[in-house]
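We use all heavy atoms of the structure for the numbers below, so side chains are in, but hydrogens, waters and symmetry mates are not. In what follows, every chain begins at residue 1, and chains take the letters A, B, ... in the order their sequences are listed.
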2 protein chains.
Amino acid sequence: MPVTVDVVALTVRDDALHVLLVERGVEPFRGALALPGGFVLPDERLGEAARRELAEETGVRTPGHLEQLRTYGPLGRDPRGPVLSVAHLLLAPEFGVVHAGSDAGGAAWHPVEHLLRDAAGHPGPDERTGATVAGRRLAFDHERILADGVERARAKLEYSALAAAFCAPEFTIADLRRVYEAVWGVRLDPRNFSRKATGAVGFLEPTGATTSGGTGRPAALYRAARPVPGPVPGRPHGQDPDDAPASVPAVLDPPLMRPSR
Amino acid sequence: MPVTVDVVALTVRDDALHVLLVERGVEPFRGALALPGGFVLPDERLGEAARRELAEETGVRTPGHLEQLRTYGPLGRDPRGPVLSVAHLLLAPEFGVVHAGSDAGGAAWHPVEHLLRDAAGHPGPDERTGATVAGRRLAFDHERILADGVERARAKLEYSALAAAFCAPEFTIADLRRVYEAVWGVRLDPRNFSRKATGAVGFLEPTGATTSGGTGRPAALYRAARPVPGPVPGRPHGQDPDDAPASVPAVLDPPLMRPSR
DNA sequence: CTAATAGTGTCTGTAAGACATTATATA
DNA sequence: TATATAATGTCTTACAGACACTATTAG
């Protein structure tokens, strides 16, 4: 059975959630946008294959948090026949796309909002006009994989410290808040957010430094706290031994933050 | 690449969480306990393969909620070479094990507590003595898969209506509470539990009938509410198009219940 | 009656959300 | 000075958890 990996690489850019897509240079779906990915090599781990394919098609050895999303197929997703795809989710600070590989042209960040029609029936911004934007349909079942990846990212912000994976090594509370606002698509009260974020145990570590140069009062800089030594009893500890070592701590107890309704 | 499915089938029996295991009749790990599973056939869906293997090795066409857990491998898990395993999680009311297949003898329910050493360092009941119980080590990486399945089940009870998947079609609030107590390993206040469970929207549907014959006041009977028509805005809806249609509704908002610390 | 379990009511502490105020930078 | 952003404080309300009480069966 042919086995591939696909990568849903998400970042926050201009206060909006973006996904890294490549333009397919070969059939099937030539010219369509697709998630970066490809076949797993013999004697290669899944996470290794995901990072390798991403590097090959974007030219970047990426930082960020990588985790397995889920497995799709094998039926009804590739016209050439049954193919299994183990999808991965990468949450990373924005990185430049350096290189367009041999079989993938125009790797670039795309706003997620433009790519997903909301399952709840919310019209996408391009759907109000009734026109389908050319080239916006994703190849294979990648639209569903993207939707699942975004859903996972949204859910994980709620109970984990993963928001820091979207930020540079040092960041302000406002940076972090903008991540939540972009991923959840909501507005959060900066004062209440600050109180919750700084009060959560095992989440943030002050660096002592502050921002400078901008307008207004300088903000304190933080980094992600080291992963907790022992998992919290009775709660999943969220380790992922098969993937790369977690770059940020896993599960917070109690849940960090919830989107207000 | 060889692809298999493995099934973590969980149930609540005698107020304790149990997993369905088979004794391996062939090498490798002949004689050891293992999760039911086997190779995916050509042109077979993953969920179909999981239910088929379970039926072949236990003789039962099972009810219950089946979902994909995660994918393991391909390296370092089978001495014969790289094998990918797509693990599945089945949550079901207890069903009798009818049949022992050709390559699997002695399919039976086993208490989960005896099989997992807690990652947090809690000694297992057989570990206090320092003795490893013979035959209790699972084949391959199935101990880790089991741990992940139990972790998933515990987490899902918190924010979904999945506890009903462990119960018969009609059940009492006390039945449901015993599910939470068994899976989480905690004691819950029956009065507060009843108030929360009956008050949660989209969770329970009274049948109008009550229990009879037992001692004490008869209890009202409930069934799982139908899945909500539209997903809650801003929350994952937890549909699983690749698997069988969900037998119980997916995500509840707000989260149903949390284990007290 | 007693025993046993089911279900409802009440209180209290904690915390989320709304919003005011103070602090510290640049222009 | 004005303006902009950061950080802390106050208040109200909702709800989780602790626990008293009532309801309905069997024996």
Tell me whether the side-chain N or O atoms of [X] pair up with the base of [N] as donor and acceptor below 3.5 Å, since no angle test is needed here.
{"X": "B/R217", "N": "C/dA6", "result": "yes"}
{"X": "B/R258", "N": "D/dA16", "result": "no"}
{"X": "B/R191", "N": "D/dA20", "result": "yes"}

Query raised in the report: What's the closest nucleotide to the B/T215 side chain, out of C/dG17, C/dT5, C/dT24?
Result: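 Between C/dG17, C/dT5, C/dT24, the one nearest the side chain of B/T215 would be C/dT5.
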Report task. Could I get the full list of salt bridge (Lys or Arg N to Asp or Glu O under 4.0 Å) partners for A/R217, not counting sequence neighbours? Result ->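 Partners of A/R217 under the salt bridge (Lys or Arg N to Asp or Glu O under 4.0 Å) test: none.
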Requested in this report: Describe the nucleic acid contact of B/G213 in one word from base, sugar-phosphate, nothing, applying a heavy-atom distance below 4.0 Å.
Outcome: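 Nothing: the residue B/G213, judged by heavy atoms under 4.0 Å, touches no strand.
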Query raised in the report: Any donor-acceptor pair under 3.5 Å linking the side chain of B/R154 with the backbone of B/G185?
Result: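 Answer holds: no.
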Query raised in the report: Below 4.5 Å, heavy atoms only, C-beta onward: do B/R258 and B/L157 meet side chain to side chain?
Result: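 Not touching, per the 4.5 Å side-chain cut-off.
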N/O contacts under 3.5 Å, protein versus nucleotides 11-16 of chain C?
unit_1, atom_1, unit_2, atom_2, d
C/dA16, OP1, A/K196, NZ, 3.4

Report task. With sequence neighbours excluded, tell me which residues meet ring pair (Phe, Tyr, Trp, His ring centres under 6.0 Å) with A/Y180. Result ->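 A/Y180: ring pair (Phe, Tyr, Trp, His ring centres under 6.0 Å) contacts with A/W184, A/F193.
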Query raised in the report: Which salt bridge (Lys or Arg N to Asp or Glu O under 4.0 Å) pairs, counting each pair once, include a residue from residues 193-209 of chain B, with sequence neighbours left out?
Result: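 Sorted pair list: B/E205-B/R223.
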Query raised in the report: Which salt bridge (Lys or Arg N to Asp or Glu O under 4.0 Å) pairs, counting each pair once, include a residue from residues 175-185 of chain A, with sequence neighbours left out?
Result: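 Counting only pairs at least two positions apart or across chains, the salt bridge (Lys or Arg N to Asp or Glu O under 4.0 Å) contacts touching residues 175-185 of chain A are A/D175-A/R178, A/R177-A/E181, A/E181-A/R187.
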Query - Contact residues, residues 169-183 of chain B to DNA chain D [heavy atom, < 4.0 Å] - result: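 Correct list: empty, so none.
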Query raised in the report: Could you go step by step and tell me if B/R61 and B/R51 meet the side chain to side chain contact (heavy atoms under 4.5 Å, CB included) rule?
Result: CA-CA 7 Å; B/R61 186 87 192 141; B/R51 289 208 185 259; 3.6 Å; yes
